[in-house]
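Read through the structure below, which is laid out as structure tokens, and then see the notes.
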Amino acid sequence: MVKKLRYRRVGMAMDKYEVVFISTPLIGNLVPTVEFAHHLTRHDPRFSATILIITVHERPIVNLYTQSLATAASHSQSHVNFIHLPTVQPPTPDQYQSSLGYTSLFIDKHKPHVKHAISTLASTTSVAAFFVDMFTTSMIDVAQDLGIPCYLFFASPASFLGFMLHLPALATQLAADFVDSHSGLIAPKDSAIELIVPTFSKPLPPSVLPSSVLKRNKDGYFWYLEHARRYTETMGIVVNTFLELEPHAIESLSISGLPPVYPVGPILDHAGASQWHPDGAQLHDSIMEWLDQQPPSSVVFLCFGSMGSLEGPQLREIAIGLERSGYRFLWSIREPPKGKLDLPGEYTNVEAVLPAGFLDRTAGLGLACGWVQQVRVLSHQAIGGFVSHCGWNSILESVWYGVPIATWPVYAEQQMNAFELDYREGGNLVVAEELERGLRRLMDGEDEVKAKVREMKSKSRMVLMENGSSCKSLASLIQEISGRIQGLKKDC
């Protein structure tokens, strides 16, 4: 029987609280987790944070980022510390069928190390809360064993949180109405049938669900269900969004039986990656110098995220569409990953995958490059539109800087966030003509749309100020955590 941790420590001031975080080891999950930890500790000096780092050797860029965190913490007055967990043996190929299956099993193997790390912390300080993220829910077991309140930090939109929470209830309908008995894939027997998810204002066609959810005969489907099931075991759910951006979704989550939801966003990494990425400073400077020479709001920016890449045929269609459109452009092109667990890399010769002479013909018009510091690019006045994979971090960044989006979803929940171009990995090409039409709507679109973007830009900043909706939500979360600890103190 495991002895529960107690919160009373002899001689310890109980008005100091330690919160512990663990994140899925992907840039899109880890960065907002780190930024929220900083945001929390800056908001209330009673709190300090420790982030437990999981290392994945196949992802050197992620590892460069995590190494930079410890270095930065040692040279600053930050109240956020980092612990790199010991490495574990990865799952063997016979144990998983999907990248989510691999990730979930790999994270689960860290439970003994996580338990040891938190127990060690608790011997010297009061551990007030343990935050897991959307794919580290197996760590809820550790929190329960140690008697520590556990919360979920959700780095995706509230609409997708609602889908995840509703997924167990949808499973029966999906099995009855949408599963092809031969392939095991979820596909509508009646194309008119749509799914009702309370956090979405319109019915969802099954085709926009994440690929892992569609492959019901693979373990990714099981892991989505398993993670979703465990969200309700937490004391509360912190979401990187804000009320004014997702009013319908957030209000739909305020129902009995669910943990309270705290929208605290937008939480962004405004500094970007120039300090730790190997191509950071030099590449960023050359890009910014080029942007400085362009007229305001004249450049369309194409970027598909840290895990996004497109194959050669699609790259050539994009190049043709860009050239035909005549717009100035900044295009981040990443080479597809070589292995299932790898991330996209950099082309050694990007010219070889583009139409012959494209770079020469567009030399005065556009710039094609590899990795870019996205948040810094979006902040530049020359950017007038953003063709994005529609990852949530990218959407929040575009809202913050008031840049209209043409969406081009590639993986995960991005299809559910999309509203402009309809593209799915492994599907048909988006041909040059379609891209050209989309660019014209994006860059020469209605003034009403641009006005709404400017309005949301203003709101995204106001919500973080005193009396803003996200500021109030964060205060409620802090009150809940500190109040729970004070209650335990009285019981000790």
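Hydrogens, waters and symmetry mates play no part in the numbers below; they use all other heavy atoms, side chains included. Residue numbers start at 1 and run along the sequence shown. Please read all numbers here as calculations on a predicted model, not as lab measurements.
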Next item on the list: List the steps, then state whether side-chain contact (heavy atoms from CB on, under 4.5 Å) holds for D285 with W290.
Entry: CA-CA 9 Å; D285 289 345; W290 183 84; over 6 Å; no

Next item on the list: Under the side-chain contact (heavy atoms from CB on, under 4.5 Å) rule, what do L204 and M416 come out as? Steps first, then yes or no, please.
Entry: CA-CA 8 Å; L204 289 175; M416 299 174 76; 3.7 Å; yes

Backbone N or O of [Y] within a donor-acceptor pair of the [X] side chain at under 3.5 Å?
X    : Y    : answer
E317 : A432 : yes
S394 : C390 : no
N81  : T50  : no
N393 : G28  : yes
S470 : G265 : yes
R328 : I383 : no
T199 : A249 : no
E244 : M456 : no
T103 : S99  : yes
S104 : G101 : no

If you define the side chain from C-beta out and look only at heavy atoms, does anything of [X] sit under 4.5 Å from [Y]?
X    : Y    : answer
V375 : D269 : no
D133 : I22  : no
S332 : R334 : yes

Note to self: Is it the case that the ring center of F131 lies less than 6.0 angstrom away from the ring center of Y151?
What the structure shows: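 Centroid distance Y151-F131: below 6.0 Å, so yes.
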
Notebook entry, point to check: Taking the six-membered ring where the residue is Trp, are the ring centres of Y221 and Y224 under 6.0 Å apart?
Noted result: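 No, they do not, as the ring centres are separated by 6.0 Å or more.
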
Item checked: Aromatic plane relationship, H38 with F82 - under 30° parallel, 30 to 60° tilted, over 60° perpendicular ->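 F82 and H38: tilted rings.
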
Check: Hey, what's the ring geometry for F163 with F160, parallel, tilted or perpendicular (30° and 60° as the breaks)?
Finding: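 Parallel.
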
Next item on the list: Could you give me the CA-CA distance, side-chain angles and deciding distance for T24 and I107, then say whether side-chain contact (heavy atoms from CB on, under 4.5 Å) is met?
Entry: CA-CA 8 Å; T24 305; I107 290 170; 4.2 Å; yes

For residues 471-479, which side-chain donor-acceptor pairs fall under 3.5 Å, sequence neighbours excluded?
residue, atom, partner, partner atom, Å
S473, OG, P263, O, 3.2
S476, OG, K472, O, 3.1

Which atom pair, heavy atoms only, marks the closest approach of [X] to [Y]?
X    : Y    : value
S460 : V399 : CB-CG1, 3.9 Å
N240 : I267 : OD1-N, 2.7 Å
L464 : V264 : CD2-O, 3.8 Å

Notebook entry, point to check: Would one find more than 12 heavy atoms of other residues, nucleotides or ligands at under 6.0 Å from atom CE of M443?
Noted result: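 Result for CE/M443: enclosed.
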
Notebook entry, point to check: Does the distance from a Lys or Arg side-chain N to an Asp or Glu carboxylate O, for E433 and R437, drop under 4.0 Å?
Noted result: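 Salt bridge absent between E433 and R437.
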
Notebook entry, point to check: Going by an N to O cut-off under 4.0 Å, is there a salt bridge joining E226 and R229?
Noted result: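 R229 and E226: salt-bridged.
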
Check: Does the side chain of T241 pick up a donor-acceptor pair with the side chain of E246 at under 3.5 Å?
Finding: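 Judged by distance alone, the side chains do pair up.
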
Margin query: Regarding H227 and T137, do their side chains bring together a donor and an acceptor under 3.5 Å, going by distance alone?
Written below: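 Yes, a side-chain donor-acceptor pair sits under 3.5 Å.
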
Margin query: Quick check on side-chain contact (heavy atoms from CB on, under 4.5 Å): which of I405, L302, T407 does S388 satisfy it with?
Written below: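 Single pass found, and it is I405.
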
Note to self: If we check side-chain contact (heavy atoms from CB on, under 4.5 Å) with W331, which of these qualifies: V350, V300, L322?
What the structure shows: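 Between W331 and the candidates, side-chain contact (heavy atoms from CB on, under 4.5 Å) is satisfied uniquely by L322.
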
Next item on the list: Step by step, work out the side-chain contact (heavy atoms from CB on, under 4.5 Å) result for L245 and L243.
Entry: CA-CA 5 Å; L245 182 61; L243 179 61; over 6 Å; no

Next item on the list: Going by the ring-ring contact (aromatic ring centres under 6.0 Å, His included) test, name the single residue among F153, Y262, F154 that passes it with F36.
Entry: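 The passing option is F153.
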
